[in-house]
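Right, one structure below, let's go through it.
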Amino acid sequence: MFRYDDADDEPPLKLKIKDLNQNIVCILCAGYFIDATTITECLHTFCKSCIVKYLQMSKQCPMCNIKIHETQPLINLRPDRTMQDVVYRLVPNLFEGEERRKREFYRARGLDKVQSKVQLKSFSGKLDPSGSHFYRNDEQVSLCLEKHRSQMLNQSESPSSLQKRYIRCSVRTCVSHIQKLLIKKLAVPERIEINLYCEDHILYEDEPLKYVWLAHWQGKAAPMILHYQLESSKILSDKSG
Ligand SMILES: [Zn+2]
Ligand SMILES: [Zn+2]
C-alpha cells in the first residue's frame, strides 16, 4: 500500500491523502476507518460498527462475497490496530474528532460521569467483575509516572510520592484523567495543578493517551514515561527564595 524510497539523493516521496483514501476508507460508511476491523478470511477491512451491523444480515464479506463463517461470522473478525494507527496518523484530527463524538454521545445520555468514575476505578486494578464498563475491550497503554526533574530538587517539600508508578489503562484515557488520578494518589489539595509532560512536551487535558503515544512516543518501548510537575513548586520556591 505504501511505496518507500530509501535513496538519499531522491526527494522524499510525497503522498496525497486522496491517493490513499481507497485504502483507509470503509466502503460501508464511506468514512475513514473507526476501530478498524479485518475479516481473517479475506483481509478486507471495515469500521467495527459497520461490519458488525452488516453481518447481522449476511455472512459474506461486503467487498468480495467470500463466506466468512458457516454460522458465526463475528468470530472471524479481528481488530486491526496497525491499520487504525495508520489512519490516525494520516488523517489529522480524526482521533480527536472521534473522541469528542464519543464524549458527546455519552454526555447526551447522562453517562459521562459513570464513564470517568469507572475509568478511575480501573486504575486501581479493581475491574468491575460484571464486566460492565466501557473500557474493558480497549487497546491498553502502559505508563510510568515519574516526577519531573524540576521537582526533584524539592523532594522534602513535595507531597508523598507515588506508591505505584506503573499503570495500564485504555488508550482513550485522557491527560485530565491521569491528572485527577495523581491529585488523588499524591493527596495534593485540589487547587494545586498538575502538569504532565511526555519527552518535555507539555500535555493538554483533552489529549487522549493514544494521541500522546503517537505524537511523542512512537517507536519507543513501553511503558511510556510521563513526568508530572506540581504547580505548587513555584509557590514553594518563591517562599524559600
Ligand atoms: Zn465504516
Ligand atoms: Zn473480503
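Side chains included, hydrogens not; waters and symmetry mates left out as well; all remaining heavy atoms used. Read the numbers this way: they start at 1 and go in the same order the structure lists the ligands and their atoms.
- The angle Cys64:SG - the Zn ion (ligand 2) - His44:ND1 amounts to 110°, with values rounded to 10 degrees.
- To the nearest 10 degrees, the angle centred on the Zn ion (ligand 1) between SG in Cys29 and SG in Cys47 reads 100°.
- The angle Cys42:SG - the Zn ion (ligand 2) - Cys61:SG amounts to 110°, with values rounded to 10 degrees.
- The backbone N or O of Ser170 sits less than 3.5 Å from a side-chain atom of Thr173, completing a donor-acceptor pair.
- Taking the six-membered ring where the residue is Trp, the centroids of Tyr197 and His148 are separated by under 6.0 Å.
- Look at Glu199 and Lys220 and you find a salt bridge, because one of the NZ, NE, NH1 or NH2 atoms lies within 4.0 Å of a carboxylate O, short of that distance.
- Take the Zn ion (ligand 1) as the corner point: the lines to SG of Cys50 and to SG of Cys26 open at 120°, to the nearest 10 degrees.
- Cation-pi geometry between Lys210 and Trp213 is not satisfied (NZ or CZ under 6.0 Å from the ring centre, within 45° of the ring normal).
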